[in-house]
Colleague: 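Pasting in a structure now, in structure tokens, and then I'll have a few things to ask.
The basis for the numbers below is simple: all heavy atoms, side chains too, and nothing from hydrogens, waters or symmetry mates.
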Amino acid sequence: MKKSLKIVKFIYFFGCFFVLLGNTSFAYIDPSAVTYVIQAVAGVAIAVGAACTVYRHKILKFFRSQQKKRARKKQHEKEK
């Protein structure tokens, strides 16, 4: 109950703040501007995906090398 009351107070305060202190602006958003934004978002998403893939491969390579080292160690112990 208290948490929901805090949320309502928060929303009410910022709603009043934006209504009372907001400025009216007359602007036109060109469709090509939206295209630039979409391209920027897509570029960031692709870069993040590529970085995740690179690090995933490095992590997998590390674990595979550890697994091979353990297998060699076990093989060496069996030979003794």
Side-chain angles (χ1 to χ4, degrees):
M1 182 71 177
K2 287 185 178 183
K3 191 169 187 170
S4 62
L5 185 61
K6 285 183 180 181
I7 292 171
V8 170
K9 285 181 181 180
F10 180 80
I11 292 171
Y12 177 76
F13 172 76
F14 279 101
C16 291
F17 178 79
F18 285 120
V19 169
L20 295 174
L21 300 176
N23 292 333
T24 304
S25 64
F26 300 100
Y28 172 73
I29 298 176
D30 189 41
S32 65
V34 177
T35 303
Y36 291 133
V37 171
I38 291 171
Q39 287 177 351
V41 170
V44 168
I46 291 169
V48 168
C52 289
T53 301
V54 167
Y55 285 110
R56 184 184 74 198
H57 287 295
K58 286 184 178 185
I59 291 168
L60 290 175
K61 184 178 178 182
F62 172 76
F63 284 118
R64 285 185 190 132
S65 69
Q66 293 297 318
Q67 191 176 25
K68 286 180 183 178
K69 285 181 184 177
R70 283 190 213 125
R72 280 190 220 128
K73 189 175 180 180
K74 284 183 181 180
Q75 178 112 14
H76 185 65
E77 288 175 359
K78 285 181 182 179
E79 291 175 357
K80 285 184 178 183

Colleague: For the pair Phe17 and Phe14, name the ring-plane relationship: parallel under 30°, tilted 30 to 60°, perpendicular over 60°.
Modeller: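 Because their plane-to-plane angle is over 60°, the rings of Phe17 and Phe14 count as perpendicular.
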Colleague: What is the distance from atom CG of Leu60 to atom OG of Ser65, rounded to the nearest 0.5 Å?
Modeller: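 OG of Ser65 is found 11.0 Å from CG of Leu60.
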Colleague: To the nearest 0.5 Å, what is the distance between NZ on Lys9 and OG on Ser4?
Modeller: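 So the NZ of Lys9 and the OG of Ser4 are separated by 10.5 Å.
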Colleague: Nearest 0.5 Å, what's the CZ-CZ distance between Phe13 and Phe18?
Modeller: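 Nearest 0.5 Å value for the CZ-CZ distance: 9.5 Å.
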Colleague: Assess the residue pair Arg70 and Gln66 against the criterion (side-chain contact (heavy atoms from CB on, under 4.5 Å)); give the C-alpha distance rounded to whole Å, side-chain angles, the decisive distance to 0.1 Å, and a yes or no.
Modeller: CA-CA 6 Å; Arg70 283 190 213 125; Gln66 293 297 318; 4.3 Å; yes
Colleague: To the closest 0.5 Å, what do you measure between CD (Gln67) and CZ (Arg72)?
Modeller: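 So the gap between those two atoms works out to 11.5 Å.
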Colleague: First locate atom CD1 of Ile46, then atom CD of Gln39, and finally report the distance between them rounded to the nearest 0.5 Å.
Modeller: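 Nearest 0.5 Å value for the CD1-CD distance: 10.5 Å.
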Colleague: Could you see if Phe62 belongs to whatever hydrophobic cluster contains Ile59? Use Ile, Leu, Val, Met, Phe, Trp, Tyr and a side-chain cutoff under 4.5 Å.
Modeller: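 Yes; Ile59 is reachable from Phe62 via cluster members.
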Colleague: Please tell me whether Val44 and Tyr55 are part of a single hydrophobic cluster in this structure, the criterion being side-chain heavy atoms less than 4.5 Å apart.
Modeller: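 No, Val44 does not connect to Tyr55 through the hydrophobic network.
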